[in-house]
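Below: one structure, written as structure tokens.
We count ligands from 1, going down the list as the structure has it; atoms in each ligand are counted the same way.
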Amino acid sequence: MPTTEPAAHAALDLPWVRAQFPALSQTVNGHPVVFLDGPGGTQVPQCVIDAISGYLSRDNANTGGAYATSRNTDAMLTAARAAMADFLNCAADEIVFGPNMTTLTYAMSRAIGRDLGPGDEILVTRLDHDANVSPWLALEEKGVTIRWAEIHPGDCTLDVEDLAAKLNSKTRLVAIGYASNAVGTINPVKEIIRLAHAAGALAYVDAVHYGPHGLIDVAALDCDFLVCSTYKFFGPHMGVLFGKREHLQRLRPYKVRPLTEAIPNRWEWGTLNHECIAGITACVDYIADLGRHAAGTCGDGRLGRQSSEARPSGTSDRRAAMVAAFEAIHHHEHRLMERLIAGLKKIPSLKIYGITDPARFEERCPTLAVRVFNQTVEQTPLALATKLGDRGFFTWDGNYYALNLTERLDVEKSGGFLRIGLVHYNTAEEVDRLLEAVTQLVK
Ligand SMILES: Cc1ncc(COP(=O)(O)O)c(C=O)c1O
């Protein structure tokens with residue numbers, strides 16, 4: 001049974017959390033479903049479902065019209081921008097909505113690339129999802145040189161020294177991931193952004209995988225751009241881009257003429273997915289509510305204390321509640337991750353890719369890539385994911401678009417990895433059941 005954790009910190013109210021997500025009560029072949037596919041997309045709480053259907057049933061309209069539902073739509077968009085500004089700690093006009101992170105990144109690479117040509121360099125990494133690689137590789141056709149930061153294959157961390165050595169006065173942009181969607185490594189992004197700026201380059205951060213696991217603070221990071229996808233943190237299928245105001249104003253988007261030059265709208269083309277944007281406010285509010293519940297379980301007014309200590313001046317109480325939420329999420333996920341990794345280490349035929357030393361768990365998310373040593377055809381990542389799926393455990397297999405990593409680790413041709421992704425709605429009991437199932441399957 002899910003348990004509420006001891007309250008030595010902002011503690012996750014797990015029964016409350018699980019009650020928010022209708023999908024968690026499903027069964028497959030008589031087995032309760034265990035969602036370990038969060039890195040591919042998380043489940044959504046009821047408030048997100050209600051916000052989406054509420055918008056469609058009440059306010060469905062285009063923007064800028066002189067009538068009630070259109071005005072409501074304008075107000076809804078303003079509210080969603082404010083919610084994402086709280087989530088990322090920036091101004092509302094620095095928030096750009098788009099269909100997904102990949103589309104937003106292509107839009108930005110095309111705009112940035114307008115001013116680049118032979119002699120300019122862009123630095124990408126082997127650890128990243130391809131959505132933060134291919135949009136930059138596309139600029140090779142303009143004569144831009146793409147350079148690659150390598151990894152330490154032993155623990156699947158970024159080789160920051162190699163990255164630093166590849167920066168020079170020609171580097172125009174460094175594209176980095178906050179955390180790896182394949183092996184869970186959290187990169188030292190703040191340090192890398194500092195290095196990029198010291199070389200005179202822009203820093204473009206893919207925070208898609210980090211989003212559900214940790215508090216993002218673009219002001220503290222000082223990144224130029226940061227992209228995330230709300231469907232990875234309990235919201236609808238949408239992408240969000242933060243861009244520093246000066247860049248959103250200076251760069252030239254490819255856009256239709258009637259669209260205003262005001263930011264952020266000049267970056268949002270055509271009609272947006274309004275119903276999903278209504279769901280974005282709800283998913284940010286869900287995380288804030290989780291923080292309020294977590295702080296409530298401390299019973300010592302901790303949220304109040306945090307709001308004055310941890311909250312940068314000028315931001316809202318919602319941000320303070322999210323600080324508490326991510327503290328609780330972090331603690332809960334780390335306990336689950338310790339349990340899972342300790343259990344997987346006991347299975348001799350299994351190899352875990354990435355950091356496995358508990359002393360270094362602050363450098364990783366609870367996203368695990370595993371494979372069976374000398375695998376048979378019944379033990380490929382796809383075969384294991386299929387058998388686990390039949391037993392109600394939803395995992396993923398393959399490269400999940402972290403193509404450069406699977407190629408570098410030489411697992412691409414043999415099926416990639418089996419990915420087990422924990423998020424805060426998972427329980428210790430689910431981890432134990434998974435360990436039992438995996439042990440049986442790989443024997
Ligand atoms: C780390 C990472 N970056 C980028 C993406 C692409 O995101 P989107 O589907 O919003 O384009 C994903 C999707 O899985 C991802 O995990």
Side-chain angles (χ1 to χ4, degrees), residues 35-44 84 87-88 95-110 124-138 149 151 156-158 174-187 189 192 203-214 216 221 223 225-243 267-269 272-273 276-277 279-280 283 353-354 364-369 385 394-406 408 416-423:
F35 287 96
L36 302 167
D37 61 340
T42 50
Q43 299 308 305
V44 296
M84 278 311 299
F87 187 77
L88 298 177
I95 294 290
V96 177
F97 291 121
N100 50 55
M101 175 277 185
T102 308
T103 307
L104 285 166
T105 301
Y106 267 108
M108 209 40 85
S109 80
R110 273 198 300 272
V124 299
T125 89
R126 298 256 179 239
L127 198 53
D128 268 58
H129 187 285
D130 209 56
N132 204 22
V133 175
S134 281
W136 309 112
L137 282 179
I151 59 158
C156 299
T157 55
L158 200 56
V174 178
I176 38 159
Y178 207 140
S180 160
N181 68 317
V183 288
T185 311
I186 299 173
N187 292 319
V189 268
I192 295 168
Y204 191 97
V205 180
D206 170 4
V208 171
H209 189 66
Y210 190 73
H213 304 296
I216 298 171
L221 290 175
C223 51
F225 301 95
L226 181 140
V227 262
C228 57
S229 308
T230 52
Y231 72 94
K232 310 280 189 179
F233 54 89
F234 324 108
H237 287 95
M238 287 286 297
V240 180
L241 177 138
F242 154 79
W267 295 95
E268 294 172 341
W269 313 321
L272 293 170
N273 187 332
C276 280
I277 295 176
I280 289 179
C283 87
Y353 289 77
R364 68 165 303 140
C365 295
T367 302
L368 296 190
F394 293 179
T395 60
W396 210 273
D397 70 280
N399 63 31
Y400 0 102
Y401 286 23
L403 179 63
N404 290 294
L405 183 65
T406 51
R408 174 70 184 81
F417 307 112
L418 175 76
R419 180 175 67 186
I420 305 164
L422 298 166
V423 293

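For the side-chain hydrogen bond (donor to acceptor under 3.5 Å, both in side chains) test with His209, the passing option among Thr185, Asp128, Thr367 is Thr367; the others fail.
Panel note: side chain Asp130, backbone Tyr401; no donor-acceptor pair is recorded below 3.5 Å. Checked by atom type and distance alone, the side chain of Thr125 pairs as donor or acceptor with a backbone atom of Leu127 at under 3.5 Å.
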Tabulate distances under 3.5 Å between N/O atoms of ligand 1 and N/O atoms of the protein, writing both atom names on each line.
unit_1: ligand 1; atom_1: 3 (N); unit_2: Asp206; atom_2: OD1; d: 3.3
unit_1: ligand 1; atom_1: 3 (N); unit_2: Asp206; atom_2: OD2; d: 2.6
unit_1: ligand 1; atom_1: 9 (O); unit_2: Tyr231; atom_2: OH; d: 2.4
unit_1: ligand 1; atom_1: 10 (O); unit_2: Met101; atom_2: N; d: 2.8
unit_1: ligand 1; atom_1: 10 (O); unit_2: Ser229; atom_2: OG; d: 2.7
unit_1: ligand 1; atom_1: 11 (O); unit_2: Met101; atom_2: N; d: 3.4
unit_1: ligand 1; atom_1: 11 (O); unit_2: Thr102; atom_2: N; d: 2.8
unit_1: ligand 1; atom_1: 11 (O); unit_2: Thr102; atom_2: OG1; d: 2.5
unit_1: ligand 1; atom_1: 14 (O); unit_2: Lys232; atom_2: NZ; d: 2.6
unit_1: ligand 1; atom_1: 16 (O); unit_2: Asn181; atom_2: ND2; d: 3.4

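Annotation: Trp136, atom CH2; neighbour count of heavy atoms from other residues, nucleotides and ligands within 6.0 Å is above 12.
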Verdict with reasoning, Tyr204 to Ser109, per side-chain hydrogen bond (donor to acceptor under 3.5 Å, both in side chains): CA-CA 10 Å; Tyr204 191 97; Ser109 80; over 6 Å; no
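A search for salt bridge (charged side-chain N to carboxylate O under 4.0 Å, His left out) contacts involving Arg126 returns Glu150, not counting sequence neighbours.
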